Amino acid sequence: MVIKKISAIAVGVEMHMERAPLSADTHIRGWKDGVYILVDAPDGRWKVKDPTPIVCRLFEEGKYYGFMAAMFATLPELNLLLIEYPDEIVDTSVREEERFKVSLPVTITAVIKESQVDFPGIVIDLSQNGCQLISSKPVNVNDRLLLAGGFPGGQIFKDIPFVTKRVDELKGKWQLGGALDINEGAGKEAFERFLSQLRVYLKG
């Protein structure tokens with residue numbers, strides 16, 4: 001699906017770039033509509049201008065969007081790249097997912113300086129592969145967190161892995177968007193039970 005309005009392009013948004021054999025994450029620092037997008041240079045290998053098209057993917061509100069563009073120019077002294085502004089951006093989600101709008105209190109567990117820290121949060125949107133939540137403390141993009149909580153009926157869940165893909169400040173709190181990294185085996189079975197419990201909870 002082609003997205004006519006490129007709302008996923010915003011300052012600070014993480015973007016993944018692939019140009020064989022390179023693959024790296026970067027952040028958008030600015031743009032000029034119809035001309036270029038300004039991003040961080042992940043490392044020295046990206047500072048050499050190359051005509052090979054770059055595959056770019058952005059994460060916004062639980063979905064991935066992508067486009068292809070050539071490098072427009074390099075600014076090595078500023079550690080920045082200019083890539084062509086895309087004519088279109090495409091929803092790269094491979095399937096439609098059942099999504100739940102919820103207000104579900106959770107305990108978020110993070111490892112900070114080799115110490116385990118717990119703090120409260122609220123899940124506000126949930127799907128099979130991702131969720132959005134409000135956190136009482138800031139975290140970093142690509143941090144791996146664990147979520148635990150329970151439903152009013154008494155069912156509990158714990159140790160649900162969450163990898164942060166986006167962090168936005170909201171009046172002293174932080175909205176996190178990211179992926180639920182559920183492995184095969186017992187972890188996946190536990191999460192399937194979690195979704196099943198949620199469906200029952202929402203239907204009353």
Side-chain angles (χ1 to χ4, degrees), residues 1-97 99 110 124-125 127-135 137-145 161-181:
M1 178 175 64
V2 175
I3 309 299
K4 293 182 179 179
K5 182 179 180 182
I6 310 176
S7 60
I9 296 178
V11 173
V13 167
E14 183 180 60
M15 187 173 77
H16 183 75
M17 301 191 301
E18 295 178 9
R19 186 186 68 196
L22 304 180
S23 177
D25 292 326
T26 185
H27 290 87
I28 294 175
R29 297 307 176 193
W31 68 91
K32 184 175 181 179
D33 287 342
V35 182
Y36 63 78
I37 300 174
L38 185 67
V39 301
D40 294 326
D43 56 57
R45 297 173 299 171
W46 291 87
K47 295 180 183 179
V48 178
K49 189 174 180 180
D50 188 319
T52 305
I54 301 172
V55 177
C56 303
R57 295 187 178 88
L58 305 99
F59 183 83
E60 183 190 52
E61 297 181 353
K63 284 190 176 183
Y64 280 99
Y65 300 92
F67 60 91
M68 293 185 66
M71 187 179 293
F72 188 74
T74 64
L75 301 172
E77 67 281 2
L78 299 176
N79 203 41
L80 296 171
L81 307 176
L82 291 169
I83 61 174
E84 292 178 341
Y85 194 91
D87 293 327
E88 60 186 31
I89 187 167
V90 178
D91 181 347
T92 62
S93 301
V94 295
R95 62 186 175 187
E96 290 294 324
E97 294 180 350
R99 302 191 65 84
I124 59 173
D125 182 279
S127 71
Q128 180 78 29
N129 292 316
C131 73
Q132 294 187 66
L133 57 92
I134 304 299
S135 169
K137 293 185 179 294
V139 298
N140 298 314
V141 171
N142 291 327
D143 275 0
R144 184 180 177 86
L145 312 172
F162 174 82
V163 179
T164 306
K165 297 297 183 182
R166 182 172 181 176
V167 180
D168 297 310
E169 187 173 1
L170 293 173
K171 298 179 180 179
K173 298 185 182 299
W174 288 265
Q175 183 169 333
L176 314 180
L180 295 166
D181 184 16

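None of the values given here were measured: they were computed from a predicted structure.
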So, for [X] and [Y], which heavy atoms are closest and what is the spacing to 0.1 Å?
X	Y	answer
Arg144	Pro161	NH2-CB, 3.5 Å
Cys131	Phe162	SG-CE1, 3.5 Å
Met68	Pro53	CE-CB, 3.7 Å
Met15	Cys56	SD-CB, 3.8 Å
Leu145	Thr164	CD1-OG1, 3.8 Å

Inter-residue atom distance [X].[atom1] - [Y].[atom2], 0.5 Å rounding:
X	Y	atom1	atom2	value
Leu75	Lys47	CG	NZ	10.5 Å
Ile54	Leu81	CD1	CG	7.0 Å
Leu80	His27	CG	NE2	13.0 Å
Leu38	Trp31	CG	CH2	10.5 Å
Leu82	Thr74	CG	OG1	8.5 Å
Glu169	Gln175	CD	CD	12.0 Å

Would you mind reporting whether [Y] and [X] have side-chain heavy atoms less than 4.5 Å apart?
X	Y	result
Val39	Trp46	no
Lys165	Val163	yes
Ile83	Phe72	no
Val167	Pro138	no

Among all residues two or more places apart in sequence or in another chain, which pass the salt bridge (charged side-chain N to carboxylate O under 4.0 Å, His left out) test with Asp143? none
Using modelled atom types and a 3.5 Å cut-off, is there a donor and acceptor pairing between side-chain atoms of Thr26 and backbone atoms of Asp40?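 A pair under 3.5 Å: yes.
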Under the side-chain contact (heavy atoms from CB on, under 4.5 Å) criterion, do Leu58 and Phe67 qualify, and how do the steps go? CA-CA 9 Å; Leu58 305 99; Phe67 60 91; 3.6 Å; yes
Enumerate the side-chain hydrogen bond (donor to acceptor under 3.5 Å, both in side chains) contacts for residues 10-21, please, sequence neighbours excluded, ordered by first and then second residue. Glu14-Asn142, His16-Glu18, His16-Ser23, His16-Asp25, Glu18-Arg57
